[in-house]
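Okay, so here's the structure we're looking at.
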Amino acid sequence: MSANFAIVGSGPSGMYAAGALLDMVPDCRIDVIDRMPAPFGLIRFGVAPDHYKMKNTARQFARTFELDAVRYLGNVEIGRDLSMIELRQNYDAVVLAIGSYNDANLGIPGEDLAGVYGACEFVGWYNAHPDYRDLDPCLDGPGVAIIGIGNVALDVSRVLVKTRAEMTDSDICAHAMDAIEAAPLKDVHIFGRRGPVEAGFTPKELAEMIDFEQCASIVDAAQLPAAVEGEFEGRIKGVKEKNLAILKEIAGQDMPDKPVRAHVQFYASPVEILGDGKVDAIRLERTEVIDGRAVATGETFDVACSTVITAIGYYSDPPEGVPLDRNVIDNKDGRVEDNVYVVGWSKRGPSGTIPTNGPDSKAVVELLVEDIAEFGKPGGDVIDGLLKERNVRVVNYDDFKTINEAEVANAIDGHHQEKFTRIAEMLAVLD
Ligand SMILES: Cc1cc2nc3c(=O)[nH]c(=O)nc-3n(C[C@H](O)[C@H](O)[C@H](O)COP(=O)(O)OP(=O)(O)OC[C@H]3O[C@@H](n4cnc5c(N)ncnc54)[C@H](O)[C@@H]3O)c2cc1C
């Protein structure tokens with residue numbers, strides 16, 4: 001009797017888990033279920049459009065869907081179309097790989113003003129995530145403040161300051177490119193509570209700030225230490241040293257005469273967003289870093305802006321019946337409860353790159369294989385029946401390939417593809 005597994009979520013962690021199950025359980029059958037008609041999670045909806053090569057990682061995962069043992073059940077949401085109980089009853093094990101892509105709050109006054117967005121919303125908007133198609137972000141003033149000093153903050157700032165020509169090698173959606181190009185943007189401010197050494201940037205992404213067509217990057221040399229001090233593991237220290245060298249290069253540049261500026265400011269913690277119904281400015285408090293922690297100094301300053309984008313962390317939003325522990329699914333080394341496991345960002349929280357999820361998913365699958373003594377639940381057939389009864393339009397992998405071909409055919413401006421931004425548009429290609 002073959003083993004039947006359900007993986008909820010087709011992002012990197014779910015796809016690595018599928019690969020590990022195929023390696024470790026002979027003759028198993030796997031249903032990878034995702035609420036989106038298009039698979040691969042943040043590879044499609046998170047990775048910056050101008051980092052298109054990074055999206056090629058999806059190719060290795062696409063090969064998994066070509067196997068007879070693996071099915072893609074796209075456009076199926078657990079918690080809406082199927083319940084966790086139904087999955088647990090019908091599969092030998094359920095692996096949750098639902099990510100943690102919901103914006104954490106700043107928790108400061110003014111956060112509800114029009115013009116304040118979380119990075120998930122804003123990134124989803126320019127990356128064609130159907131949930132954010134109608135975000136229509138306010139980009140009507142010269143200033144944008146981005147809160148956070150990690151790669152997502154850099155992604156957002158790059159997409160805002162690059163010209164249409166610089167975005168040729170991308171898959172940014174037309175509606176976002178048009179809105180950004182039309183915006184009267186002059187100053188993008190990236191603010192971090194802590195210092196350059198604590199920043200979560202990676203050198204490759206930071207180095208892209210050195211040279212933009214129409215934007216000069218600005219860093220205050222006075223905020224940069226002479227060297228990276230402190231106890232860091234060798235590789236991490238190397239990354240921090242490279243970052244510091246890049247920041248020094250930016251700080252040392254003669255200020256290029258360009259119409260847009262991207263300012264990176266450390267030691268600045270947002271305390272209030274100001275405005276009457278809509279953002280006018282952000283108030284920040286100077287900090288100093290003591291033992292790696294930002295400590296407020298009491299000195300505040302205001303920066304005019306009409307848009308605030310927060311990139312400060314994310315939390316998981318599991319379907320009913322799955323316990324949450326702060327921002328992740330409650331688990332012990334990936335075990336959630338009997339025959340339920342969790343991998344990826346919904347297990348560890350929102351950190352790490354696509355490949356980081358590989359060893360993590362493999363380790364959880366090893367536990368799963370150790371735990372499950374008997375296989376024999378019915379798997380997909382019962383689930384197919386339930387979905388049919390509920391009139392759910394399941395998008396399989398061949399359907400997705402059809403959608404993808406249409407997106408490639410619709411490409412404009414030399415882009416790689418023009419992604420559909422609404423689920424109905426994707427389904428219309430099939431029906
Ligand atoms: C903005 C951004 C840019 C990034 N850029 C890079 C980069 O350039 N390079 C890099 O290596 N890493 C990058 N990362 C990190 C990388 O995206 C993550 O490491 C990785 O996506 C985490 O994988 P995951 O499978 O845990 O979650 P996700 O990729 O978020 O996948 C979760 C999947 O679960 C599905 N899902 C959620 N809830 C349900 C439900 N109830 N029912 C069915 N399906 C559900 C979602 O639709 C989604 O497809 C970036 C992350 C972000 C946020």
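From a predicted model like this one, the values you see are computed outputs, not experimental measurements. When a ligand or atom number is given, it counts from 1 through the structure's own listing order.
Between the side chains of Asp34 and Ser10, at least one donor N or O sits under 3.5 Å from an acceptor N or O.
What sits closest to atom 23 (O) of ligand 1 on the protein, heavy atoms only, is Pro12 CD, 3.4 Å. Atom 24 (P) of ligand 1 has its closest protein heavy atom at Ser13 OG, 3.4 Å. Nearest non-hydrogen protein atom to atom 11 (O) of ligand 1 is Ile354 N, 2.9 Å. Looking only at protein heavy atoms, the nearest one to atom 50 (C) of ligand 1 is Trp345 CH2, 4.7 Å. Scanning the protein for heavy atoms near atom 31 (O) of ligand 1, the closest one is Gly11 CA, 3.5 Å. Of the protein's non-hydrogen atoms, the one nearest atom 37 (C) of ligand 1 is Ile98 O, 3.4 Å.
Residue Gly41 has at least one heavy-atom neighbour below 4.0 Å for each of these atoms of ligand 1: 29 (O), 31 (O), 48 (C), 49 (O). Near Gly344, the atoms of ligand 1 lying under 4.0 angstrom from a non-hydrogen atom of the residue are 26 (O). Within ligand 1, the atoms closer than 4.0 Å to a non-hydrogen atom of Met54 are 7 (C), 8 (O), 9 (N), numbered from 1 in the order shown.
When every heavy atom of Phe45 is checked against every heavy atom of Asn127, the shortest pair comes out as O-ND2, 3.2 Å.
Counting heavy atoms of neighbouring residues, nucleotides and ligands inside a 6.0 Å radius, atom CZ of Arg71 exceeds 12 of them. Heavy atoms from other residues, nucleotides or ligands lying under 6.0 Å from CG of Asp338 number 12 at most.
In this structure, atom 14 (N) of ligand 1 has its sub-4.0 angstrom surroundings free of protein heavy atoms.
Only side-chain heavy atoms of Asn357 come within less than 4.0 Å of ligand 1; its backbone N, CA, C and O stay farther off. When heavy-atom distances to ligand 1 are checked against a 4.0 Å cut-off, Val152 comes that close only through its side chain, counted from C-beta outward. Counting heavy atoms under 4.0 Å from ligand 1, residue Arg35 touches it through both backbone and side chain.
In summary, the aromatic rings of Phe61 and Tyr16 are positioned with their centroids under 6.0 Å apart. Residues Phe5 and Tyr91 place their aromatic rings such that the two centres sit no closer than 6.0 Å.
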Distance-only check: which donor-acceptor pairs under 3.5 Å involve side-chain atoms of residues 202-219, not counting sequence neighbours?
from	atom 1	to	atom 2	distance (Å)
Thr202	OG1	Asn151	OD1	3.4
Thr202	OG1	Asn151	ND2	2.8
Thr202	OG1	Glu205	OE1	2.4
Glu208	OE1	His51	NE2	3.1
Glu208	OE1	Arg158	NE	3.4
Glu208	OE2	His51	NE2	2.8
Glu213	OE1	Thr163	OG1	3.1
Gln214	NE2	Val161	O	3.1
Ser217	OG	Met209	O	2.6

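The closest donor-acceptor contact from the side chain of Ser351 to the backbone of Arg348 lies at 3.5 Å or more, if one exists at all.
Comparing Thr356, Thr57, Leu42 by heavy-atom distance to atom 17 (O) of ligand 1, the nearest is Leu42. Nearest to atom 48 (C) of ligand 1 by heavy atom, out of Asp317, Val47, Asp34, Val8, is Asp34.
The closest approach between a heavy atom of Gly352 and any atom of ligand 1 is below 4.0 Å. Residue contacts with ligand 1 include Val76, since one of its heavy atoms falls under 4.0 Å from the ligand.
Using a 4.0 Å cut-off between charged nitrogen and carboxylate oxygen, Glu407 and Arg44 count as a salt-bridge pair.
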